[in-house]
Student: 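Quick one: the structure is below, questions incoming.
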Amino acid sequence: MSDLPSLRADLDALDRRLVDALAERQRLVREVATVKADDAGLPLQDADREQALLARIHQLAEDAGVDGYFASTLYRQILRHSVRFQAVRQRDEASGLRIAYQGDPGCYSHSAARRHFAAVDDTSYEGARTFRDAVAALKRGDADRAVLPVENTTAGPIAGVYDLLVEPGLHIVGEEVVRVEHCLLGVEGASLDGLKRVGSHPQAIAQCSEFLAGLDGVRVVAEDDTAGAARLVAETGDASRAAIAGEDAADLYGLAVLKRHIANRKDNFTRFLVVSTEALGHDTRLPHKTSLLLSTDHRQGALTRVLQVLAEAGLNLTKLESRPSQTTPFEFLFYLDVEGGTHEAHVQDALEAARAHARTLRVIGSYPVFEAEKPRAALAPSSGDGASVPARPKPTTGAKPSRRALADRAGRPDTVVEIAGVRIGGDEPPVLIAGPCSVESREQIFESARGVREAGGLMLRGGCFKPRTLPYDFQGLGFEGLTMMHEAGRAHGLPIVTEVLHPADVEAVAREADVLQIGARNMQNFELLKAVGKSHAAVLLKRGMSSSIDEWLAAAEYVLAGGNERVILCERGIRTFETATRNTLDLSAVVVARERTHLPVIVDPSHAAGARRWVPALCRAALAAGAHGLIVEAHPDPDHALSDGPQSVTFSTLDEIAAAMGLRQPVEA
Ligand code: PEP
Ligand code: MN
C-alpha cells in the first residue's frame, strides 16, 4: 500500500491535470466562439445540445463509477461558464480593458469584476474610494468599464448606485450575480479564542451579526470595506485582530480563514452591473434583459398606467425601484428591469406604447443574462390560478378576526406552497419527501440524499432535534447534524425539512432548513407555533396524535396569524384503540382538511404504520385520498437506524413507491 505523502502527491498531480483540462477546454471554447461569430446562424447557447451533453456526461460518469448527478451538476457550471466566456469575449473584443470598482483589491466588487472579465485578455483593475469615484474614472476615460453592486439578497438595494445610474451617458452592458461567502480572516496561527477586535464593512457586520454576538469580549469595528479590513489585519500582523471578508482577500493579503460560513443566512448573493460610457453590441441570440429609467407626471395612477401597458404587451417586470429625483423634491424616478432585449420587436412596441404615458423613459441598457447560480426561489407563496380570489384577511392586532379567518377555505382556491422551486398543493403533481428519521452521520445523510434524489424525491427529511419518549434514547445531532443535512441537500439539489423543538431555536434552524417541521407532540405548543409564524421558512405542521381536525387547523391558524403563509399540513396517524399499527392513519382527515382549508395536505405513512412493510400500500392509499405529497422515512440501513428503524424503508422500496407515484427517475438534476 502507498503511504500518505505519495498518495497526496498523486492527488496534487491529478488536480493539476484537471485544471489543465479545463484550460484546454477554454481554449477550444474560444475557437468555437470565433467560428460562431462568423456564422450568425449558430446559436451561442444551444439548449438541446446542452441537454444531450449533460445526459452523456451523466452516463459516462455512472459507467466510471462516479455519481452521475455530481458530474452533471459540475458540468452545468462548466457550460454556464463557457457561455458567459463567449458572450463577454464577443462584447469586449479588445484586450487591455481597464475596470473600475469601489473598494480595496480583494473586495467582493473586485472578485465580481475579475470573474466577469476573465474572458478578456490583459485586463487591469483599479479600486476607487467611492462608487462616485469609480463612475468618475469611467467618465474621464481613465477606465473602460465600471462594475457596481446594485442589490444584495440580504441587505436589499444599494441606493447610492441607483442614483449614479441616472446620470446621462452611462450604459449598462452586462450583469454578474455573485455568491457572497463571508469568512473570518486572521493572521496565520490566530485563533477564535484570542480575538479582541473584528473589523469589516458595516453591511458585512450586519450580515454576520449572529456569529459576532457569540464572540465574547470582542470589539466589532466598522471599516470602509471588507478587503480594507483584511489588509489592516495583515499589516498589523496582530493575532488578536480579525476581519470579515471574502476568501479572495485572504489569498491576496496572506491571511488564514479562521472560520467560513459566518453569515446569518447561508444564501447571500449580490448582483453587480457592468457599466460603460457607450452602448455595446451583444449576441442577440442570448436571452436579454432591459433596464429602464422612468419618470411620470405627478398625477394619480401615472405609474400604474405605464406598468399596465408593459404588462399588456407581455413584458415581464423583474425589478422596480423608486428613487427620489435629485432635482425636484417629492418627485420620483423609477428604475425598471424587464425581460427581453431592445432588438426584439415586442419589446420595442411595448416601450413605444409606454412612452405615451411617461414623462421620460430612457433605456439604460439591454444586455444578455446568463443562467446564473440562482438565489433560492422567492419566499412568497403562490396561490392557485383562480381568477376571483377572495382577499385573504390580514391578521390584525386591533379588532379580532373571526375564528379561523386565514386557514379556512372560505371559497379560496388551493394555496400552492413553493419551497426553493418545489411546489406543493393545488393541482401540482404529488411531491415525494423522504429521508431518515434522524441525521446520524455525514455519510448517512449524504447517502440518503442521493437515494432520495435518485428515486425522484424533491425534498430531504431528517431529524436533528428528536422528541423521544425516553430521555436515554438518541436525541439527535443538533446543529452539527443540521449543517451536514444542509450540505447534503445542497449537494443533491434538495431543499430540506427538519423538526424544530424550541422557540429559541427557530431562527437558527431556519438559517439552514427550508422547511420547519412541527412534530405531532408539539402541535399545540403555542409559543413554538407563534415563533415559526414569524419565520421566513415554510412550516410542515404535523397533526397531533390526539388532536381533532379542528384543533389541527387552529394550530395552522397560529402560524398564518404570525404572518407566515407557507404552511403545509401533515397527517401522520392518530391514537385509537387499535394496537396492531403504531398509529391509525386517518385518511379521512386528508379528505376533510382539503375541503375545509386551502392549505396543502400531505401524509406521513411511516409514523402511522410503524412497520415498513405497510408503508407502500399506505402511500398509494394516501394519494388516492387526495394527498398533495408524501413524507416517508427511508434509511440506507434501516435495521441499524438510531431511531424509527422498523418503520423506515430501504431505498429500493422508496424507488418502488416513487414508481407507483409515477415519478420519473431523473437522469440529472
Ligand atoms: C418524525 O418525523 O421523525 C417525527 C418525530 O414525527 P412525529 O412528530 O409525527 O412523531
Ligand atoms: Mn421518526
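Here, residue 1 is the first one in the sequence, and each next residue gets the next number. All ligand and atom numbering here is 1-based and tracks the order in the structure.
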Student: If we count only N and O atoms by modelled type, under 3.5 Å, do the side chains of Asn268 and Gln207 hold a donor and an acceptor together?
Tutor: yes

Student: Tell me if the centroids of the rings in Phe479 and His486 come within less than 6.0 Å of each other.
Tutor: no

Student: To the nearest 0.5 Å, tell me how far Leu630 CG sits from Met661 CE.
Tutor: 4.5 Å

Student: Considering the Mn ion (ligand 2), could you give the total of protein N/O/S atoms lying closer than 2.8 Å?
Tutor: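 Protein heteroatoms (N, O, S) closer than 2.8 Å to the Mn ion (ligand 2) number 4.
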
Student: Can you tell which of Asp639, Thr650, Thr653, Asp644 makes a side-chain hydrogen bond (donor to acceptor under 3.5 Å, both in side chains) with Arg612?
Tutor: Asp639

Student: Please determine which of Leu540, Val416, Ile602 meets the side-chain contact (heavy atoms from CB on, under 4.5 Å) test together with Ile424.
Tutor: Ile602

Student: For Phe526, what residues pass the ring pair (Phe, Tyr, Trp, His ring centres under 6.0 Å) criterion, not counting sequence neighbours?
Tutor: Tyr558

Student: With a 4.5 Å heavy-atom cut-off, do Gln444 and Met484 have their side chains touching?
Tutor: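 No, every pair of side-chain atoms sits at 4.5 Å or beyond.
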
Student: Listed by chain and number, what are the salt bridge (charged side-chain N to carboxylate O under 4.0 Å, His left out) partners of Arg450, not counting sequence neighbours?
Tutor: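 Residues passing salt bridge (charged side-chain N to carboxylate O under 4.0 Å, His left out) with Arg450: Asp67, Glu454.
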
Student: Quick one: pull up CG in Asn525 and CD1 in Ile518 and give me the separation to the nearest 0.5 Å.
Tutor: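 Interatomic distance, Asn525 CG to Ile518 CD1, rounded to 0.5 Å: 7.5 Å.
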
Student: I need the contact residues for ligand 1: any residue with a non-hydrogen atom closer than 4.0 Å to the ligand, ordered by chain then number.
Tutor: Cys437, Arg461, Lys466, Glu499, Gln517, Gly519, Ala520, Arg521, Lys542, Arg572, His607, Glu633

